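This is a predicted model, so every value here is computed, not measured. Basis for what follows: all heavy atoms, side chains included, without hydrogens, waters or symmetry-related copies. Naming: A, B, ... by sequence-line order, numbering from 1 per chain.
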Amino acid sequence: MTAARPMPPPTRPRSLPCQPIRTTRRAARCETRTERGFPMHLKRTHTCGELRAEHVGQPVTLCGWVHNRRDHGGVIFIDLRDREGLTQVVFKPEHNAEAHAIADAFRSEYVIACRGQVRHRIEGMVNPKMDTGAVEVYVDEVELLNASETPPFEIEDRLDVSQELRLRYRYLDLRRPMMQRSLMFRSQCFGVIRDYFARQGFVDVETPLLTKSTPEGARDYLVPSRVHPGRFFALPQSPQLFKQILMVAGFDRYVQIVKCLRDEDLRADRQPEFTQLDVEMSFIDEEDIYALIEGLMAEVMQKTLGIAIETPFQRIPYADAMERYGTDKPDLRFGMELVNVGDIAGACEFGVFTRALEAGGQVRGLNAKGAAPKHSRKDIDTMTEWLRDFGAKGLAWMKVDEGGALTSSIVKFFSDEQQATLKERMGAEPGDLLLFVADAPAVVAASLDGLRRRLGAELGLIAKDSFAFCWVVDFPMFLWNAEEQRPDPTHHPFTMPHPEDLDILEERPLDARAYAYDIVLNGTELGGGSIRIHRPDVQERIFRLLNIGEEEAQEKFGFLLDALKYGAPPHGGIALGLDRLIMLLLQRDSLREVIAFPKTQRAVELMTGAPSEVSARQLQELGLRIIT
RNA sequence: GGGGGCGUAGCUCAAUUUGGUUAGAGUACCAGACUGUCGAUCUGGUGGUUGUGGGUUCGAGUCCCAUCGCCCUCGCCA
């Protein structure tokens, strides 16, 4: 006979992924023994990371969490943890029976205060793995400040806990030494940055969080206005227009560390809210920006990691970057540049190549040095399948055998002379694997970029601790938007055209270069900026090209256009993604490792359960109705 | 919106190609022992709606369908 099952709990709404925290009676074990009181009567004198042999003999009081407890029946050892480190505290019945009796009930993550004397560890018991391993504290008095339930996972770096649990119990996850170090490192970087800009006369000005929606660019997060039902504020995608206005207002050098919000899908290196270092300067050109940011990066890396980097950074014109790497954010930590073999491919007998070229496409390839023995036919098939994500219909390959000859099913379509040219151009040597993609230029670029990055990692071409900065410059003003049949700004509509290209703006807009630049670190776009348009006539020409009518321009950016009429100085600036910078400096693979309370890939904050439903009353006040 | 990976004890994982006895291990937790450990040790123990719902089958952790969640990625991110 089975008993009737209890009713299942009601399905939790999707907006509230959190479940109630399970409770046990573990924490109650101490309640009868000591008073868990406040105020504390033991006051901290040192952190758990600072005691050394030189402190021996001193009376100290430490506060922290019970990281580990080792009970030998008589003596009890506790590793006490705070954000600075671990210190072993010792409870011995013959030293202090009362303290020992109290410590008997301690469990992991209890919060305690210990007063005692610093002693040398006895002969042979020094722990070289601990910074504080030369000493220990003999406890004379101990106070339980708070008990703890058994945590859902241990507070250890080496534990690989699921993302879901980490985010739901973020306060425990953040207690782990690795996360503590990440956030303290982040804080240190921010300090160096603020100091750098303060020394150079920058003014920190805050810009509004509740601002105006602009349909261009990323999707806005909207905030309904209660006072004006049916109207909305937008949370800023960046303070772009405000910082330009501040230049018109005469602030000359502006800096802000500011949250930006974009309602787009997430990635490992993209969160819906992120932190930018926003900078704008007057009476400057792009060289001033390069020098400023290079100086900043050198100082941050020197003061936080102790790494000296070379400046100035390499500059790569956009067109070169696309040609050599297939991307506008090349990873310069390794070579393996792309090679255009269109001329050879066009003359060969291989139909896939010739047809791609006839259709206006390209044939380009790269040389995976020494990769031939490591890649079976099957591996290459897997790679080909993977490339479909980038739109590539296929992947052609040739291996270079020990005698230097090309081998593969397509080699027969190439004459001896063509093969020789191919080998020479690609620097082919025995053991190399040559890979080719034939397709539309954009597909070729995206595919080979992906392939290059994948192979760079797989073949171990990326040295640990290497940091390769570069500037990508001379971006085109516009990219063609086939859907809307008009040019779109590559950067944004306030970017100054290159002075040499001012005359061709109207006739050949897609050939016009912009005064825009990106800074790239290890293949990740760290930030970008431009010299801005400060003359209303040029700004109006750009709007015309973008098919933004006078009325529309006035409605959307009228305040900026007006401002430009009242003595706008020449100005320009840049914005850097600080979360990404911290992530790259710490060599972590996700922004979640450097943001205290990040969102999941579906843009949910698992600890609080945001976003959540709101009351009917709240909706009514805002004049909103949910229709789905 | 598309593609892929994952979901089994509090946690991390296993479960013998192709469905078969009572779903195991490590760790955590609980109890006992132990006075120099430091990922303590030893002995014993608790702990499972195999994400959820349906289906196929004599029989489902395993196969099928749907759905939810987490991760990676394409599109998207001026």
Integer-rounded Å distance: G32(B) C1' and D71(A) CG: 11 Å

Touch class at under 4.0 angstrom, heavy-atom based, for L165(A) against every strand present: sugar-phosphate

Pairwise P distance, C68(B) and A31(B) [rounded to whole Å]: 43 Å

Quiz item: R166(A) side-chain donor-acceptor pair to C11(B) base, under 3.5 Å: no

Spacing between E525(A) atom CD and A78(B) atom C1', to the nearest angstrom: 11 Å

Option from Q244(A), E280(A), Q539(A) for which side-chain hydrogen bond (donor to acceptor under 3.5 Å, both in side chains) with R532(A) holds: E280(A)

Residue A268(A), side-chain heavy atoms: nucleotide from C38(B), C11(B), C72(B) that is nearest: C72(B)

Pairwise P distance, C71(B) and U62(B) [rounded to whole Å]: 25 Å

Pairwise P distance, U16(B) and G51(B) [rounded to whole Å]: 16 Å

Sugar-phosphate only, base, or nothing, as touched by R158(A) at under 4.0 Å among non-hydrogen atoms: base

Side chain of S162(A) - closest among C30(B), G36(B), U12(B): U12(B)

5′-ward residue of the pair V161(A)/P489(A) relative to RNA chain B: V161(A)

C13(B) and C30(B), which share atom name C1', separated by this distance in whole Å: 23 Å

Verdict with supporting geometry, Q88(A) and R70(A), side chain to side chain donor-acceptor pair (under 3.5 Å): CA-CA 10 Å; Q88(A) 174 166 286; R70(A) 296 175 293 278; 2.9 Å; yes

Near-parallel close stack of F77(A) and U37(B) base (under 5.5 Å, under 30°): yes

Nucleotide forming a Watson-Crick or wobble pair with A78(B), both distances under 3.5 Å: none

Strand partner of G19(B), provided both Watson-Crick or wobble distances fall under 3.5 Å: none

Test of ring centre spacing under 6.0 Å for F77(A) and F91(A): no

Option among V60(A), L62(A), D131(A), T47(A) that satisfies the side chain to side chain contact (heavy atoms under 4.5 Å, CB included) test with T87(A): L62(A)

Sugar-phosphate, base or nothing in reach of Q88(A), heavy atoms under 4.0 Å: base

C48(A) side chain near R81(A) side chain, heavy-atom distance below 4.5 Å: no

Nearest to side-chain heavy atoms of S108(A), which nucleotide of U73(B), C29(B), G36(B): C29(B)

Donor-acceptor pair (no angle test) under 3.5 Å: Q601(A) side chain, U73(B) base: yes

Sugar-phosphate, base or nothing in reach of R267(A), heavy atoms under 4.0 Å: base

Nearest-neighbour nucleotide for the Q163(A) side chain, C74(B), G39(B), C70(B) considered: C70(B)

P spacing across the pair G1(B) / U46(B), given as an integer number of angstrom: 47 Å

Closest to side chain of L159(A), choosing from C11(B), C76(B), C72(B): C11(B)

Pair partner, C70(B) [Watson-Crick or wobble, under 3.5 Å]: G5(B)

Sugar-phosphate only, base, or nothing, as touched by D265(A) at under 4.0 Å among non-hydrogen atoms: base

Residue A218(A), side-chain atoms from C-beta onward, closest of G39(B), G75(B), C77(B): C77(B)

Nearest to side-chain heavy atoms of D79(A), which nucleotide of C76(B), C70(B), C38(B): C38(B)

Sugar-phosphate, base or nothing in reach of E136(A), heavy atoms under 4.0 Å: base

Spacing of M247(A) atom CE and H534(A) atom NE2 [to the nearest 0.5 Å]: 14.0 Å

Sugar-phosphate, base or nothing in reach of R592(A), heavy atoms under 4.0 Å: sugar-phosphate

Touch class at under 4.0 angstrom, heavy-atom based, for K129(A) against every strand present: sugar-phosphate

C1' spacing across the pair U57(B) / U73(B), given as an integer number of angstrom: 38 Å

Inter-nucleotide P distance (G3(B), A66(B)), Å rounded: 11 Å

Candidate nucleotides C70(B), C74(B), G75(B), ranked by approach to the side chain of D389(A) - the nearest: C74(B)

Touch class at under 4.0 angstrom, heavy-atom based, for E94(A) against every strand present: base

Whole-angstrom distance between A15(B) and A60(B), as gauged at atom C1': 14 Å

G-U wobble or Watson-Crick pairing nucleotide for C29(B) (cut-off 3.5 Å, both distances): G45(B)

Sugar-phosphate only, base, or nothing, as touched by T490(A) at under 4.0 Å among non-hydrogen atoms: sugar-phosphate

Heavy-atom donor-acceptor pair, R262(A) side-chain to C77(B) base, under 3.5 Å: no

Side chain to side chain contact (heavy atoms under 4.5 Å, CB included), paired with R69(A), selected from L80(A), D79(A), I76(A): I76(A)

Nucleotide nearest P93(A) when distance is taken to its side chain, options G75(B), C38(B), U35(B): U35(B)

Pairwise 5' ranking along RNA chain B for G124(A) and D488(A), keeping only the more 5' one: G124(A)

Nearest-nucleotide pick for R602(A), side chain only, options being G69(B), G36(B), A78(B): G69(B)

Non-hydrogen atoms of V472(A) and P330(A) that approach each other most closely: CG2-CD, 4.0 Å

